[in-house]
Every structure is written in C-alpha cells, then in structure tokens.
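This report refers to the structure that appears directly beneath it.
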Amino acid sequence: TLDLLEQNELVEAQKLELAETNLKLLELNELLEKQKFELAEANLKLLELNELYEKQKFELAEANLKLLEQNEIIQMEREKSEKLLLNILPVRVADDLKETGKTLPQKFEHVTVYFSDIVGFTSISGTLEPGFLIAELNDIFTAMDNIFESKQCERIKTIGDEYLAVCGMPEANERHAENIIEASIDIIDYIRTRNSKGIINLDIRIGIHSGSLVGGVVGIKKYIYDV
C-alpha cells in the first residue's frame with residue numbers, strides 16, 4: 001500500500017510537470033505566433049515602402065525626361081536665336097553682345113565697301129506683282145549673299161533693291177579690295193546668266209570704294225550693324 005501511494009504521488013508530480021511544460025509550450029507558441037504576426041506586418045510595411053520607392057523612382061524618371069525635353073527645347077531655341085543674331089550681325093559683334101551685353105563702335109583702317117542697286121528699279125517695280133517682285137529680289141540677294149560669303153565679305157544691309165557689303169571688317173583682310181572686286185565680277189556674271197533665263201532683264205549698278213570707316217551697332221531694341 002505504501003509503495004502504491006508513493007507511485008501515485010510520483011505520477012501526480014509528473015503530471016504537474018507535464019502540465020507546466022505544456023503551459024510553457026503554449027506560451028512559446030503564442031509568442032511565436034505574435035512574432036510571426038509582427039514579421040508579417042514588417043514585411044507588409046517593407047512592401048509598401050518598396051512600392052513607394054518604385055513610385056518615386058518612376059516619378060523622378062518622368063521628371064528627368066521632362067527636364068531633358070525642356071533642355072532640348074531651350075537648346076534648340078538658343079541655337080535659333082544665335083542663328084538669327086548671326087544673320088543680322090557679324091560674328092565678333094554677336095559674341096560681344098552675348099558675353100557682355102554690349103559692343104562698342106570700332107574704326108577700321110583698311111576696308112573696301114560695295115554698294116549696288118538695280119537700274120530703273122522704281123519704274124520696273126511698278127509693272128510687277130508685289131509677290132513676284134519680292135521673290136525676284138530674294139532670289140538675287142540670296143545669290144549675292146552666297147557670293148560674298150565665298151569671298152570672305154560681309155553683307156551689312158539691303159534697302160529695297162540696294163545692297164551694301166564690306167570686306168576687311170570686323171575681321172581684317174589684306175585682300176579686302178580684291179575680294180570685293182572678284183565678288184562684283186561674279187555678281188555681274190550671275191545677273192547676265194539670270195537675264196538669259198529669266199522673265200525680266202535687270203541691269204545692276206555697282207560702286208566700290210576703299211578706305212577707313214567706323215562700324216557699330218545702331219539701336220537697342222532692334223539691333224542693326226551699320227557703317
């Protein structure tokens with residue numbers, strides 16, 4: 001009987017230890033589930049942060065693309081502006097205006113000036129349609145521009161049928177007189193060839209003079225380089 005009692009007590013003690021172990025196991029399982037839940041929450045937040053990061057990367061890429069497009073537009077407009085500026089001003093003068101916002105008049109000692117007009121242009125223009133007249137002048141002046149450019153000369157301006165060009169300014173040129181004369185001969189040849197193929201015959205009157213002169217920009221709103 002005594003042995004049986006001792007065995008019962010031992011069994012009860014083991015049952016108590018087992019119950020305590022099961023309780024601790026349950027507590028550990030609860031802790032593990034809690035940690036798993038916290039880990040799931042952390043992963044969800046990480047996914048949300050990644051989505052936000054990807055969204056920000058996409059928005060940044062879009063912003064960079066727009067910036068590149070705007071820079072291209074700005075560059076294109078800058079090139080257009082510079083091209084227009086070079087169409088009305090010599091390169092050195094245009095560079096001065098871009099760098100300092102101003103350019104000073106300058107005296108040039110050795111320059112040859114070319115001046116021409118079309119003989120009887122006033123009476124001829126009265127017999128022609130305005131559109132045809134402008135097209136004819138544009139054709140002639142474009143050819144003259146190309147001839148002068150090939151001879152290192154600079155067109156200063158045109159007024160109606162009058163054309164003014166120089167050589168030896170703003171960049172010095174030892175062959176200023178020769179270049180203007182050669183350009184004049186080419187222009188005369190061009191007019192003769194054009195007359196043989198064109199609808200109307202035009203005669204050009206040319207004057208040439210060498211000496212010193214002053215060149216500079218006239219005006220502050222609409223730049224004109226004049227001599």
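By convention here, the first residue in the shown sequence is residue 1.
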Note to self: Please report the interatomic distance CG(L164) to CD1(I159), rounded to the nearest 0.5 Å.
What the structure shows: 8.0 Å
Next item on the list: Start with the C-alpha gap between E149 and R155, add the side-chain angles, then the distance that decides, and say whether salt bridge (Lys or Arg N to Asp or Glu O under 4.0 Å) holds.
Entry: CA-CA 8 Å; E149 184 178 353; R155 181 180 80 168; over 6 Å; no
Notebook entry, point to check: In terms of hydrophobic clustering (I, L, V, M, F, W, Y; side-chain heavy atoms under 4.5 Å; direct or indirect links), are I191 and I208 co-clustered?
Noted result: yes
Item checked: Salt-bridge contact E162-K157 (side-chain N to carboxylate O under 4.0 Å) -> no
Checklist line | Closest approach of L128 to I200 (non-hydrogen atoms, all atoms of both residues) | finding: CD1-CD1, 4.0 Å
Next item on the list: List the atom of G120, the atom of S123, and the distance in Å for their closest heavy-atom pair.
Entry: O-OG, 2.9 Å
Check: Less than 6.0 Å separating the ring centroids of Y163 and F115?
Finding: no
Note to self: So does I147 get a backbone contact from the side chain of D186, meaning a donor-acceptor N/O pair under 3.5 Å?
What the structure shows: no
Checklist line | Co-membership, hydrophobic cluster, residues L137 and V119, 4.5 Å side-chain | finding: no
Note to self: Is it true that, when you exclude E129 itself, more than 12 heavy atoms of the residues, nucleotides or ligands shown sit nearer than 6.0 Å to its CD?
What the structure shows: no
Note to self: Between V214 and I156, is there shared hydrophobic-cluster membership here, with clusters defined by ILVMFWY side-chain heavy atoms closer than 4.5 Å?
What the structure shows: no
Checklist line | Sidechain N-carboxylate O distance under 4.0 Å for K24, E27 | finding: no
Check: Do I134 and I124 share a hydrophobic cluster, counting only Ile, Leu, Val, Met, Phe, Trp and Tyr and linking them when any side-chain heavy atoms are less than 4.5 Å apart?
Finding: no
Item checked: Nearest heavy-atom neighbours spanning V111 and H176 -> C-ND1, 3.7 Å
Margin query: For a quick test of reading the model, state the closest non-hydrogen atom pair linking L133 to S125 and the distance between them.
Written below: CD2-CB, 3.6 Å
Notebook entry, point to check: According to the side-chain hydrogen bond (donor to acceptor under 3.5 Å, both in side chains) rule, which pairs have a member within residues 192-215, sequence neighbours left out?
Noted result: T112-S210, D117-R205, E136-R194, D139-R194, Y190-R194
Note to self: If you count every heavy atom of other residues, nucleotides or ligands that lies below 6.0 Å from E174 atom CD, does the total exceed 12?
What the structure shows: no
Checklist line | Side-chain ion pair, K36 and E33, N-O less than 4.0 Å | finding: yes
Next item on the list: Could you tell me the separation between the CD1 atom of I206 and the OG atom of S116, rounded to the nearest 0.5 Å?
Entry: 5.5 Å
Checklist line | For the student: nearest non-hydrogen atoms of G168 and F108, plus distance | finding: O-CD2, 4.2 Å
Next item on the list: Using the rule that two of Ile, Leu, Val, Met, Phe, Trp, Tyr join whenever any of their side-chain heavy atoms come within less than 4.5 Å, decide whether L202 and F132 are in one cluster.
Entry: yes
Note to self: Which residue is it: I187, I181, I188? I am looking for the one with a side-chain contact (heavy atoms from CB on, under 4.5 Å) to I185.
What the structure shows: I181
Notebook entry, point to check: Can you check whether M169's main-chain N or O pairs, donor with acceptor, with N173's side chain at less than 3.5 Å?
Noted result: no
